[in-house]
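Numbering of residues begins at 1 and proceeds along the displayed sequence.
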Amino acid sequence: MPRKRATIREVAKATGLSPAAVSYALRGLQVSEETMERVRAAADELGYEADPIARALASGRTGMIGLLCGSLEDLWQQSLAVGISRGLREKDRYALILDAVGDPAREQALAQQLRDQRVDGMIVQPLDPAAPFWPELCETVPVVAIGDSLAGTAAEVVFDNRSGVTLALEHLRELGHQRVTVLTPTRDSTPDRPADVHVTAEAERLGLDIEVVIAPHGLAAATEAAHHALRPGGPSAVFCFSDSIAYGVYAAARDLGLSVPGDISVMGYDDHPMSGLLTPGLTTVDWNIDGIVKAAVRLVSAAADGGARRRRVVQRPTLKERGSVRDLT
């Protein structure tokens, strides 16, 4: 038979204190250090564990933070989810991780589901930052946005996409590339994401001939999209808004008997650890994932604890040059 859960009254009886005093001691409130140590020692000896449901009802908090990812087929987003879940655990919180699978409609449904499950806060990587449901949702639960800005959030860690896109396109132009295909996971139904808007404007400023093509994060789908991009007489370079998509370009080039960078140059956009292991290594834009994780965990924890002031962290990119872009000059 499983052992019966020890109650707070049993801890109170063992220590000679009231249940209320034991509750305060276990939470580190309104009692001396000696009392806290005595109560916690008795709780350990009796095998007492706080009932999470009762604690949530008493405090109005669940200890859960919703983490809504745009697509977990993106390896960089997987790494981000791992980092955030570990960072939250260090703050005695837990991540409830959901995957929107690249679908804005599913993103809305899951965001509303997290709200209805009474999470203490939410971290989102929005697929559709212009969707009209965000402001209303942000009024009912503290939301921290990663990547693109959202209206009404408690805080946000936004990417300086103008700088990131400019770094990539200027690098390609400096090495003599004029025709560039851009592979983006953004769907036709959500065309106003800042990176996608800026890449067209920046290409025009730099005098580049670009074609923007939709490519999912998954390796098979990204490879298929890249097959079409690498047609005869196509671009000299492919710029991907995700390293995971760039891996599909490598796979397609191999299938077609093309060499990287001899026949086709490739650039990524988030510096996943796997990118340095490719042959040749992938030139990409680094967004400092460790800094993003720390900022997001800190901001959502503060918001969940009642921090009211809206905070904004702007993440600056750096260019990580490896060997996947050929010098045509």
Side-chain angles (χ1 to χ4, degrees), residues 70-79 101-102 161 164-188 195-196 199-200 202-203 206-287 289 317-329:
S71 172
L72 284 176
E73 286 190 304
D74 180 7
L75 298 179
W76 188 85
Q77 291 187 47
Q78 290 181 22
S79 297
V101 298
N161 279 301
V165 167
T166 297
L167 275 175
L169 293 186
E170 285 187 345
H171 181 67
L172 291 172
R173 189 189 66 166
E174 288 169 2
L175 294 180
H177 295 273
Q178 292 296 319
R179 298 186 63 191
V180 179
T181 291
V182 177
L183 296 185
T184 176
T186 300
R187 297 189 179 190
D188 289 333
D196 296 85
V199 76
T200 302
E202 190 65 358
L206 296 171
L208 298 178
D209 178 12
I210 71 162
E211 178 187 17
V212 179
V213 176
I214 296 173
H217 287 108
L219 181 59
T223 302
E224 182 179 355
H227 269 276
H228 295 293
L230 301 183
R231 63 189 182 279
S236 63
V238 179
F239 172 36
C240 306
F241 273 141
S242 163
D243 284 16
S244 288
I245 295 175
Y247 303 157
V249 180
Y250 272 65
R254 180 199 59 204
D255 294 343
L256 297 170
L258 303 175
S259 69
V260 177
D263 297 308
I264 186 70
S265 294
V266 187
M267 284 196 70
Y269 201 59
D270 47 45
D271 195 29
H272 186 272
M274 290 290 293
S275 297
L277 301 179
L278 298 176
T279 303
L282 178 66
T283 294
T284 186
V285 176
D286 180 10
W287 292 100
I289 192 169
T318 57
L319 183 66
K320 187 67 69 70
E321 292 187 54
R322 295 193 177 97
S324 62
V325 179
R326 181 184 176 189
D327 188 348
L328 300 179
T329 59

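- Side-chain atoms of Arg187 come within 3.5 Å of backbone N or O of Gly102 as a donor-acceptor pair.
- Annotation for Ile289 and Ser79: closest pair CD1-CB, 3.8 Å, computed over non-hydrogen atoms.
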### Task
For the pair Gln178 and Leu208, evaluate side-chain contact (heavy atoms from CB on, under 4.5 Å) and give the outcome as yes or no after the intermediate values.
CA-CA 5 Å; Gln178 292 296 319; Leu208 298 178; 4.2 Å; yes
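- Residue Gly268 comes nearest to Ala246 through the heavy atom pair CA-CB, 4.5 Å, listed as atom of the first residue, atom of the second, then distance.
- Atom CD of Glu224 has 12 or fewer neighbouring heavy atoms from other residues, nucleotides or ligands inside a 6.0 Å radius.
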### Query
Run the side-chain contact (heavy atoms from CB on, under 4.5 Å) check on Leu75 and Asp243 step by step: do they pass?
CA-CA 8 Å; Leu75 298 179; Asp243 284 16; over 6 Å; no
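- Applying the ring pair (Phe, Tyr, Trp, His ring centres under 6.0 Å) definition to pairs two or more places apart or across chains, those involving residues 233-256 are Phe239-Phe241, Phe239-Tyr269, Phe241-Tyr269.
- Rounded to the nearest 0.5 Å, atoms CE (Met267) and CZ (Arg322) are 10.5 Å apart.
- Looking at Gln78, its side chain does come within 3.5 Å of a backbone N or O of Leu72 through a donor-acceptor pair.
- Counting only heavy atoms from C-beta outward, the side chains of Val260 and Leu258 never approach each other to under 4.5 Å.
- Note that CZ of Arg179 is 8.5 Å distant from CD of Glu211, once rounded to the nearest 0.5 Å.
- Screening Val199, Asp196, Val213 against Val182 for a side chain to side chain contact (heavy atoms under 4.5 Å, CB included) leaves a single residue, Val199.
- Smallest separation of non-hydrogen atoms from Pro216 and Ile245: O-CG1, 3.5 Å.
- Residues in residues 247-262 take part in no salt bridge (charged side-chain N to carboxylate O under 4.0 Å, His left out) pair, two or more places apart or across chains.
- Judged as a ring pair (Phe, Tyr, Trp, His ring centres under 6.0 Å), not a single pair has a partner in residues 207-233 (not counting sequence neighbours).
- Distance CG/Leu256 to CD1/Ile264: 10.5 Å, rounded to 0.5 Å.
- Interatomic distance, Thr181 OG1 to Asp209 CG, rounded to the nearest 0.5 Å: 8.5 Å.
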### Query
When you look at Val325 and His177, which way does the side-chain contact (heavy atoms from CB on, under 4.5 Å) test go after all the steps?
CA-CA 9 Å; Val325 179; His177 295 273; 3.8 Å; yes
### Message
Between Val238 and Leu230, is the side-chain contact (heavy atoms from CB on, under 4.5 Å) condition met? List the steps.
### Response
CA-CA 9 Å; Val238 179; Leu230 301 183; 3.9 Å; yes
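- Once rounded to the nearest 0.5 Å, the distance linking CG of Leu319 with CG of Asp286 reads 9.5 Å.
- No hydrogens or angles considered: nothing links the side chains of Asp271 and Thr284 as a donor-acceptor pair under 3.5 Å.
- The closest side-chain heavy-atom distance from Leu175 to Leu328 is not below 4.5 Å.
- When side chains are defined from C-beta on, Leu219 does not count as touching Ser244, because their heavy atoms never get closer than 4.5 Å.
- Considering every non-hydrogen atom in both Ser324 and Val266, the closest pair reads OG-O, 2.6 Å.
- Remark: the backbone N or O of Ser236 is not paired with any side-chain donor or acceptor of Arg326 at under 3.5 angstrom.
- Between the OG1 atom of Thr166 and the NE2 atom of His171 there is a distance of 14.0 Å, given to the nearest 0.5 Å.
- Between Ile214 and Ala225, the shortest heavy-atom distance links the atoms O-CB, 3.9 Å.
- Looking at every heavy atom in both residues, Ala226 comes nearest to Ala252 through CB-CB, 3.6 Å.
- Ser275 places no side-chain N or O within 3.5 Å of a backbone atom of Leu282 that could act as its donor or acceptor partner.
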